[in-house]
> 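Structure provided below as structure tokens; questions to follow.
Predicted model, so just to flag it, every value in this text is computed and none were measured. Computed over heavy atoms, backbone and side chain alike; hydrogens, waters and symmetry mates excluded.
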Amino acid sequence: MSRVNNRLQRRVFSIRPVVNRYDPIGLSRGNLNSDECDPEITSIVRILEQATDVKEVALKAKIVFESSFQMHGALDSVDWNGLAEELWKVSRSQQW
């Protein structure tokens, strides 16, 4: 069980700077290591582990943030495709 938790924490840590750079909710305020969105980032790790393509990641990441912050439709200005492409790259690297 602890190996699974360690892997999850490592994966959250590896994509946190990417999510914080896009800052979908405006909570990181330029701090790439901010842990404010870690619950959402943890959900995105799970999405990345199961997704079959970048489009799926973009759609589901948007849903995670909209649901968590009850902001349906308010996050349309976020570049979800750009975020998903970067997350996809990280998740397909050897360090993942």
> Is there a continuous path of hydrophobic side-chain contacts, each under 4.5 Å between heavy atoms, that joins V78 to L59?
no
> Are any of the side-chain heavy atoms of I63 and W80 separated by less than 4.5 Å?
no
> With side chains defined as the heavy atoms from C-beta onward, is the minimum distance between V19 and L87 less than 4.5 Å?
yes
> From I41 CD1 over to F13 CZ, what is the distance, rounded to the nearest 0.5 angstrom?
11.0 Å
> Is there a path of hydrophobic side-chain contacts, each under 4.5 Å between heavy atoms of I, L, V, M, F, W or Y residues, that connects L75 with L83?
yes
> Closest approach of L8 and R46, non-hydrogen atoms and distance?
CD2-NH2, 3.4 Å
> State, to 0.1 Å, how close Q95 and R10 come at their nearest heavy-atom pair, and which atoms those are.
O-NE, 4.2 Å
> Under a single-linkage definition using a 4.5 Å side-chain heavy-atom cutoff for Ile, Leu, Val, Met, Phe, Trp and Tyr, are L27 and V12 assigned to the same hydrophobic cluster?
yes
> Determine whether I44 and F65 make a side-chain contact, defined as any pair of heavy atoms from C-beta on separated by less than 4.5 Å.
yes
> In the structure I gave you, are the side-chain heavy atoms of L48 and W96 within less than 4.5 Å of one another anywhere?
yes
> Walk me through it: do E56 and D53 pass the test side chain to side chain contact (heavy atoms under 4.5 Å, CB included)?
CA-CA 6 Å; E56 181 181 356; D53 61 32; 3.3 Å; yes
> For a quick test of reading the model, state the closest non-hydrogen atom pair linking V90 to S93 and the distance between them.
O-OG, 2.8 Å
> Using the salt bridge (charged side-chain N to carboxylate O under 4.0 Å, His left out) rule, take D23 and R29 through it: C-alpha gap first, then chi angles, then the decisive distance, then the call.
CA-CA 8 Å; D23 200 9; R29 295 182 179 91; over 6 Å; no
> Less than 4.5 Å apart, side chain to side chain, heavy atoms only: is that true for I25 and E40?
no
> Within a strict 4.5 Å, meaning less than it, do heavy atoms of the E85 and K89 side chains meet?
no
> Mind checking the CZ-CG spacing from R16 to D35? Nearest 0.5 Å is all I need.
5.5 Å
> Kindly give the heavy-atom pair with the smallest separation between W88 and T52, and that separation in Å.
CH2-C, 3.6 Å
> Please round to the nearest 0.5 Å and tell me the distance separating atom CG of N81 and atom NZ of K55.
8.5 Å
> Could you check if a side-chain atom of K62 sits within less than 4.5 angstrom of a side-chain atom of D76, using non-hydrogen atoms only?
yes
> What is the minimum heavy-atom distance between A61 and I47, and which atoms define it?
N-CD1, 4.2 Å
